Amino acid sequence: MSTNTTSDVIGSARERIDDLDGRILDLIRERMGVSASIQEARIAAGGRRVHLSREMEILDRYRQALGKPGTTLAMTLLELCRGRA
């Protein structure tokens, strides 16, 4: 593989990663909004803002799909979606 072709492959792949990262960030922001709606409804009904058994389901799903790093990712995602209460 020539250097020019290698540079093209790397450049193209990096553009794809940047696009994927943008889409992931958009999905995280969307998830945060949906989570806020759920929390507001739960609090309005007299419940708690956080539903721990649901969070455990999410942690397990990510762990099964991605292993131990999936748990870390899920914890970060849950923290982002808990809001500021």
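As the structure is a prediction and not an experimental result, all values here were calculated from the model.
Annotation: side chain of S53 is in contact with side chain of H51 (closest heavy-atom distance under 4.5 Å).
Closest heavy-atom contact between C81 and R31: SG-NH1, 3.2 Å. L80 and M32 get closest at one heavy-atom pair: O-CE, 3.5 Å. Closest heavy-atom contact between R48 and R42: O-CD, 2.5 Å.
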Side-chain donor-acceptor contacts of residues 21-30 below 3.5 Å, not counting sequence neighbours, with atom names and distances?
from : atom 1 : to  : atom 2 : distance (Å)
D26  : OD1    : R29 : NH1    : 3.2

Indicate every side-chain donor-acceptor pair of residues 57-64 with a distance under 3.5 Å to a residue at least two apart or in another chain.
from : atom 1 : to  : atom 2 : distance (Å)
E57  : OE1    : R54 : NH1    : 3.2
D60  : OD1    : R63 : NH2    : 2.4
D60  : OD1    : Q64 : NE2    : 3.4
D60  : OD2    : Q64 : NE2    : 2.6

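I38 belongs to a hydrophobic cluster whose other members, connected by ILVMFWY side-chain contacts under 4.5 Å either directly or through intermediates, are V34. Counting Ile, Leu, Val, Met, Phe, Trp and Tyr side chains that sit under 4.5 Å apart, directly or through other members, L20 stands alone, with no cluster partners. If you chain together ILVMFWY residues whose side-chain heavy atoms come under 4.5 Å of each other, V50 ends up grouped with L52.
Judged as a salt bridge (charged side-chain N to carboxylate O under 4.0 Å, His left out), and not counting sequence neighbours, the contacts of R16 are D19.
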Handout entry: Test salt bridge (Lys or Arg N to Asp or Glu O under 4.0 Å) applied to E40 and R49, step by step
Key = CA-CA 7 Å; E40 289 170 11; R49 185 174 54 87; over 6 Å; no
